[in-house]
Number of protein chains: 2
Amino acid sequence: MRFETSTIKDIAKALGLSTSTVSRALRDRYEISEETKKLVLAYAEKVNYRANPIARSLKERRSYSIGIIVSEIANNFFSQVINGIESIAYDRDYHVIISQSHESYKQEKLNVEHLASRSIDGLLIALSSETQDIDYLRSLYAKGLPIVFFDRVPKDFETHKVIANNFKGSFDATEHLILSGKRTIAHLTNSENLSITKERLEGYKAALVKYHIEFKPELVKYCQHGGMHSAELEQAVKELLPLNPDGIFISSDRLTTGCIMALKKTNPEVAHKIAIAGFTNSNLVELFNPSLTSVKQPAFEMGQVATELLISMIEAKRPITEFETKVLDTELVKMAKR
Amino acid sequence: MRFETSTIKDIAKALGLSTSTVSRALRDRYEISEETKKLVLAYAEKVNYRANPIARSLKERRSYSIGIIVSEIANNFFSQVINGIESIAYDRDYHVIISQSHESYKQEKLNVEHLASRSIDGLLIALSSETQDIDYLRSLYAKGLPIVFFDRVPKDFETHKVIANNFKGSFDATEHLILSGKRTIAHLTNSENLSITKERLEGYKAALVKYHIEFKPELVKYCQHGGMHSAELEQAVKELLPLNPDGIFISSDRLTTGCIMALKKTNPEVAHKIAIAGFTNSNLVELFNPSLTSVKQPAFEMGQVATELLISMIEAKRPITEFETKVLDTELVKMAKR
DNA sequence: TTGAAAGCGCTAACAG
DNA sequence: CTGTTAGCGCTTTCAA
């Protein structure tokens, strides 16, 4: 910081030592005599010495910080993931820099590149719903930036990934709707670009198959912008209703709340007649009306696992060749009886 | 970053210039010949030159980044403020670093000091509900760190502040309850430490006075942790109900949703009989059941205004002596008819 | 075990 | 208008 603070030089001068000795004492390096070390540490303590991380970064060419890209922090799923990330990162002395893509590819790329230029040591990213071209990530990765994907992951990118068991989560939710007697179950989902979209669609289909219900493509509606615009959702709802669904399975946090909102706004009379099940980590579901069955992702844990993997990559002595994709179980929270 | 990138030195060598000339061309400084400037810029473009912000920070003793402290990003009010902050900051070429205090004084102080040591150029902060001692902020401020407070501001701290018109927001909400025929209106609020707590209590009282309703201290419940723990809220609700309130006015986002949740959980039968009005920026209020009347703060705008003030402080040529406290109007969104 | 010296990438006097 | 030089605060050879 640019406010007067004691530097290593000051300490060295005050103690009649060289800056290198002070540095060594502070960093607990090499064989340095216990005596001088104690002396230095005591003095540093006394003057409330704070190392300048900027200088250290420049010298060491790393920053002890990790970058995070999510579409929106105002989304309980992502904010919980972030809390998980922080819980590990701070323990391991990493700082965390959060950026939002707002589901825009352009913004995502800009943010990633900004982070990279700010010397982040690694990147945790959930892709935006617009993102198709991840060459910019490949190129950073090739230059040595460790990257771990979570939630929305690309295929054909060899690195660690952490996802929820999307197939099972969707299967369970859809099955739950079927077991409550629903037969015409619509599926409202995200952009086809996203991994989660495909996996969740498969789970939905599998449940239909198990109960011998025909899959009808027209019952599936995609929202390219992940429900960022209410018009997008209202349009989807408008197209879906004439097909008389008795249930809807929705595949993401933002879409779930947005869809209920759109239903209530455009067709309040049917809103209560359609059973809703959807992915959401909102901590307010209990307040919702109409109520819904929710698929909760282990968001906090996802953040923790992803961060551990990332830090292991950052601190690895030799290049990593074995990558894992961790799959975490979701939880089905059934709708409260009315 | 530690990935091979061309530096100013590389460009200088390639073009047969000195690093300072290159730097000047890049920064568009001094009188430099159009010709060389073009040459440099073209080459920089070609090799996709990215300045190393770390090096620049070290040299210039500033980082072009501003720190933000909020209690929680998983709170629509704060996430909207952050979006407002970003909207201005990015335009002005500042980067933004977000930290959460989780309503803990200790965490808040730790985060601020970390940010300060990372060379932020300025700080935007909403105090945690635990915070009473702001000496650590005074000391940073005295050392030259520009600080702008928003939402939860200290008194006796001379700097720019941006707040909502808490008095009027509370007055309006309370008056609305009274005009709907409520006479025993409880007030659930945050820690007494917070500025917003005091201001909102005053608005509540003033509305009571206007309609000749006696103020009863026992109807006011404080939550020291701002509703971070559900037990805290359930306890408050439990103490309030025996007093038979027919309305509750709640003074913050987290408390509003938490209180409804607690009511529903502990006393579902009365939850619908009590009229609720509360501060909240949740974009899901329309889904809530029971529904409520909400006081919305101009969160996005608050972020924008605070950022503009902060940047003006950062870039001020001479020390600032005149400070302003901007007060923004809230909006009362009345409960939907049932 | 300690110190001297170089250098991370950049900016900014100062000279020319 | 351009180059030389020093230095931001820190780490790290290399030599003593």
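Letters go in sequence order (proteins before strands), and every chain restarts at 1. When reading the values below, keep in mind they use all heavy atoms of this one structure, side chains included, and skip hydrogens, waters and symmetry mates.
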Original post:
For residues 299-311 of chain B, which residue pairs qualify under side chain to side chain donor-acceptor pair (under 3.5 Å), counting only residues two or more places apart or in two chains?
Top reply: B/S87-B/Q304
Ignoring backbone atoms, establish whether [X] has a side-chain N or O less than 4.0 Å from OP1 or OP2 of [N].
X	N	value
B/R56	C/dG9	no
B/Y49	C/dC10	yes
B/S23	C/dC10	no
B/S57	D/dC8	no

Please give, in whole Å, the distance from [N] [atom2] to [X] [atom1]?
X	N	atom1	atom2	result
B/L58	D/dT11	CG	P	12 Å
B/L26	C/dA12	CG	C1'	15 Å
A/R61	D/dC10	CZ	P	18 Å
B/R62	C/dC10	CZ	P	17 Å
B/K38	D/dC1	NZ	P	14 Å
A/I8	C/dA5	CD1	C1'	15 Å
B/K9	D/dT5	NZ	P	14 Å
A/D10	D/dC8	CG	P	10 Å

[X] side chain: which of [options] is closest?
X	options	answer
B/T7	D/dG9, D/dT2, C/dC10	C/dC10
B/N52	D/dC14, D/dC10, C/dG9	C/dG9
B/R27	D/dT11, C/dT11, D/dG9	C/dT11

Original post:
If we ignore angles and hydrogens, is there a donor and acceptor under 3.5 Å between the side chains of B/S20 and B/S23?
Top reply: no
Original post:
Do B/R50 and C/dG9 share a donor-acceptor pair, side chain to base, under 3.5 Å?
Top reply: no
**OP:** Could you check which residues of residues 11-21 of chain B get a heavy atom under 4.0 Å from DNA chain D? Sort them by number, please.
**Re:** B/G16, B/L17, B/S18, B/S20, B/T21
Original post:
Is the shortest distance from a Lys or Arg side-chain nitrogen in B/R50 or A/E113 to a carboxylate oxygen in the other one below 4.0 Å?
Top reply: no
Subject >> Residues in ring-ring contact (aromatic ring centres under 6.0 Å, His included) contact with A/F323, at least two apart in sequence or another chain >> reply: A/H160
**OP:** Using the closest heavy atom to pick a nucleotide of DNA chain D for each, name whichever of B/E34 or B/K59 lands nearer the 5' end.
**Re:** B/E34
Subject >> Identified side-chain hydrogen bond (donor to acceptor under 3.5 Å, both in side chains) partner of B/N111 from the options B/Q107, B/H114, B/E108 >> reply: B/Q107
**OP:** Taking all non-hydrogen atoms of both residues into account, name the closest pair between A/V81 and A/F150 and its distance.
**Re:** CG1-CE1, 3.6 Å
Original post:
If only atom types and distance count, is the side chain of B/E103 paired as donor or acceptor with the main-chain N or O of B/S129 below 3.5 Å?
Top reply: yes
